[in-house]
Engineer: 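My questions will all concern the structure given below.
Given the structure is predicted, the values throughout are model-derived calculations rather than measurements. As a basis for the values below, the full set of heavy atoms in this structure was taken, side chains included, without hydrogen atoms, waters or symmetry mates. Labels below follow one simple rule: chain letters A, B, ... track the order of the sequence lines, proteins then strands, and each chain is numbered from 1.
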Amino acid sequence: MGRETQTEGKPSASFDTVAASAMMKELQAAYCSGTTRSYGWRISQLKCLLRLTEDHGEDIAQALRSDLSKPELESYVYEISMLKNSINLALKELKKWMLPEKAKTSLTTFPSSAEIVSEPLGVVLVISAWNYPFLLSLDPVIGAIAAGNAVVLKPSEIAPASSALLAKLMGEYMDGSAIRVVEGAVAETTALLEQKWDKICYTGNCRVGRIVMAAAAKHLTPVLLELGGKCPVVVDSNINLKVSCRRIIMGKWGCNNGQACISPDYIVTTKEYAPKLIDALKKELERFFGRDALESPDLSRIVNTNHFSRLTKLLDEDKVSVKVIYGGERDQSKLKIAPTILLDVPRDSLIMNEEIFGPLLPILTVDKLEDSFDIINSGMKPLAAYLFTSDNKFRERFVRNVSAGGLVVNDTAIHLAVPSLPFGGVGDSGMGAYHGKFSFDTFSHKKAVMYRGFIGDADIRYPPYTKTKVRLLQALVSGSFLAIIRALFGRS
Amino acid sequence: MEEGSGDLGRELEEMREYYVTGTTRQESWRRAQLKGLLRFVKENEDPIMDALGRDLGKHPAEAYRDEIGSSIKSLNYALDHLKAWMSSKKAKLPKIAILTKAEIISEPLGLVLVISSWNFPFGLSLEPLIGALSAGNAVVLKPSEISPICSSLLATRLINYVDAKAVKIVQGGPTIGEQLLRYRWDKIFFTGNAQIGRLVMAAASRELTPVTLELGGKCPAVFDRISSSFERKVAVQRVLGAKFSACAGQACIGIDYILTEKSLGATLVDTMKSMMEKLFGKNPKESRSIARIVNRNHFLRLKNLLDDPVVKATIVHGGSMDEHNLFIEPTILMNPPLESAIMTDEIFGPILPIITLQNIEDSINFINARPKPLAIYIFSKNSSLKRRMVKETSSGSVIFNDALIQYLVDTLPFGGVGESGIGQYHGKFSFDAFSHPKAVARRSFLVDLWFRFPPWNDHKLQLFRSAYEYDYLGIVLTVLGLNKPRGASSKV
């Protein structure tokens, strides 16, 4: 399956509209030839992807270390293992996913039979993010391939080593006639967005999400937008505190040091419980990352100086810096910021009004825990919301009243790893979902197919229209056999 | 609600506040709205038929068949299935996630906007309303000003059958449409043409509002050799009924043009002519079985299509037009030039071009060379042709041996792909179109995989590998020290 690398120019060469358009034509021709539609092709490409992941685990971990100082274990668990799982699930289930689904038809259209057939959309674009550059590039690509599409991947330039490795490996392992990687930044992305795609999947922030959707609107291209938001954690008092703290810490600092779309962004707890929670967090943080967290090899660094400045700005804002109760240390030369906890920052501060995406964790305290609902609902709907409680009633109210992409009770982030759950946002946190079969579905068109026989045609459907026909129509539409009999005999 | 009033913003605010109270989420409320819509239709059959007669010249039988009856059917279906639709769906979990529960809960999106069309002003308003209300949303409906009497009936009467705090009907034209699009919606559902569809999606992108776009296209009917003359007559009757008796061809799923084999062309035209008389009598204008062209704009548009002398020369039946009465006689053309406007634009009128091809299989390439339509109709008894059509063409839906009927099937998704639209509805698909499938995962505090937490080492990495591969035996062996941990540097 090896082919010369199909990278369409490095950032310095120009991948402009002309190049994008030419590439589009090639991919459309490949798609139209029918190559990507066969079960055999899809399976073979998924297997190539599996081999790529298995053969190059070390290279991937190395690239992630270079781009993010990502701890090796995080690379293996959150990117490589999850990808392998995703591919294996697709390999196992693809035949089933590809089967048409029978649809029941009623008396109204008798005799008839119907089914829903999944067909690929065509040529799709996947634009991925920098924080989980392999997972967020390849997981959608798995869905695109499983659904039989040709696909172009544009990895994030903010993780350049990962981007280059993806381009190289995909070029070596995958069928370059239908699968391409385009590296680059704004100019290249713009050139890509001008083309007419059959679907665009974008993972990233709201601002660019709007740009992607607006570009898609020109061509009536459907989109899958995986965005972000401020994922709240509501902490009740009747919990196993140690376990809860560990799970919160893992979701926050154990996920790329807070630079993850589903990382806990801020905590809400009662004034009464806050001191206990804070003490437990501090204790567990020290256990995990040591006294001098800046030295811990188990924390990712901040991805670049841009984000480092952004985060220090949040920390150093007037009236916020005094609220730091743990951490706050930073090392600009190494782009490291230590796990930091803040208590009761002003609601109108910057840190409470934008997605933090970093190792800063504000804790807001309230009198009654129910007040947390208002805080959460007054903001944009987040990608995820978390609750730690043993109170079943409160849990039910939370599930009912808090709208988010997904909810997890008594843990953080794990719903990501459950392929039978749709992973996606709502409102500002995104539209559409994927993972597991949802990936296959999101890159498919569900085509309704209906078969009718020639007998049993109701003349009554057609002109010339008479009163009897109207009566019969009423009966037929109601689908009631009795009504039809009645109407035929002139009564209704 | 007055047109263009500055109170619009305030009224929408109030609707949002009402939505937040949670009233619209209760099953009893949703049921009451659906029952209200059902009563509206049943109690206003005569005024509805009258309005459709005046706006579009539809015969009461056509009005019943296409809008009243279909809405009653859909409302009954929704009432029967509402509880099932609202119930949460359990999600399968891998064994290792023991003590975790996962489910998908459908929640309403919030305040949604439905923009409907003029050709089926009741049906295309009610079907999306059924979806929006059964899903528990507050909804604003903007019916089309091009069918003003129908629009007014909806605004003045329908509103009395539903909760006016959560349902509003706004009358008006493009200005009010633009105004509405400037507000923030949680979903926009649009039925209309592709040009406006693009504008709607562009407006929606500003607020990251998801959209369903039910657009149109040129829906072809492929007419194969049918040896039985009885069946051929049935097929022709269905074609003519679908083309001319549903709003005089002004339907998004109406048959736009026919593809048939050269050798069949003449017989087809003859059969059509004799069928025409059976359906519409010697004088179709007098038959009252054909709707009018909706307004002068569209009349002139259609007149222009026919006025092209090269096109006019291909008329084999009909062709007469009455501008005063906005009536166009059912007209058949034989092989108008493919570059003429009538073969490039969606016709949306009672003009039926027949294009003959060397072989019927050529229709596949013919269709694929053009934008994906909302529906493809195939009249054939040839199994291999049928299989090829499903596999090798793409459209919203594919119907064999009939036309339009897919509109009535609640179990089939109704919507387009590519230029013909984004998203689907009808039946449960309507409910889903206006819902967010929220993933909810619950964990217990017991049984944590202790190796989830840093500091990291090879031992923990091995455990992770086993865990993620659902290799339970591996976990046990590793814990017992019987599995040599593989370091991070070795192949996975």
Engineer: Let's test your reading of the structure: which of A/Ile211, A/Val399, A/Leu220 forms the most heavy-atom pairs below 4.5 Å with chain B?
Structural biologist: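 Most heavy-atom pairs within the cutoff with chain B belong to A/Leu220.
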
Engineer: To the nearest 0.5 Å, how far apart are OG in B/Ser205 and CE in A/Met431?
Structural biologist: 8.5 Å

Engineer: For B/Gln424, give me all partners under side chain to side chain donor-acceptor pair (under 3.5 Å), at least two apart in sequence or on another chain.
Structural biologist: none

Engineer: Check each atom of A/Pro422 against the heavy atoms of chain B and say whether the ones under 4.5 Å are side chain, backbone, both or neither.
Structural biologist: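 Interface part for A/Pro422: both.
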
Engineer: Against chain A, label B/Leu279 side chain, backbone, both or neither, depending on which of its atoms sit under 4.5 Å from a heavy atom there.
Structural biologist: both

Engineer: Nearest 0.5 Å please: distance from the CZ atom of A/Arg207 over to the CG atom of B/Leu208.
Structural biologist: 12.5 Å

Engineer: Taking atom CZ of B/Phe379 and atom CZ of A/Arg452, what is their separation to the nearest 0.5 Å?
Structural biologist: 10.0 Å

Engineer: Checking the side chain of B/Arg443 only, and the main-chain atoms of A/Asn410 only, is there a donor and an acceptor separated by less than 3.5 Å?
Structural biologist: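 It does not hold such a pair.
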
Engineer: Give a yes or no answer on whether the side chain of A/His415 reaches the backbone of B/Val440 with a donor-acceptor pair at less than 3.5 Å.
Structural biologist: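 Here the side-chain-to-backbone pair does not exist.
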
Engineer: Can you tell me which portion of A/Ser112 sits under 4.5 Å from chain B's heavy atoms? Options are side chain, backbone, both or neither.
Structural biologist: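 Neither part.
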
Engineer: Pick one of side chain, backbone, both or neither for B/Ala403, based on which atoms fall under 4.5 Å of a heavy atom in chain A.
Structural biologist: backbone

Engineer: I want to check something: taking the side chain as every heavy atom from C-beta on, are A/Arg400 and B/Glu107 in contact at a cut-off of under 4.5 Å?
Structural biologist: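 Side chain of A/Arg400 against side chain of B/Glu107, heavy atoms only: no contact under 4.5 Å found.
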
Engineer: What's the spacing between B/Lys372 NZ and A/Glu119 CD if we round to 0.5 Å?
Structural biologist: 6.5 Å

Engineer: Could you measure the distance from the CD atom of A/Glu101 to the OG1 atom of B/Thr411? Nearest 0.5 Å is fine.
Structural biologist: 10.0 Å

Engineer: What residues, two or more places apart in sequence or in another chain, satisfy salt bridge (Lys or Arg N to Asp or Glu O under 4.0 Å) together with B/Lys381?
Structural biologist: B/Glu231

Engineer: Could B/Glu419 and A/Lys196 be called an ion pair, given the rule that one side-chain N must be under 4.0 Å from one carboxylate O?
Structural biologist: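 Looking at A/Lys196 together with B/Glu419, the answer is yes, because their closest N to O distance falls below 4.0 Å.
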
Engineer: Counting heavy-atom pairs under 4.5 Å with chain B, which one of A/Met213, A/Arg37, A/Glu74 comes out on top?
Structural biologist: A/Met213

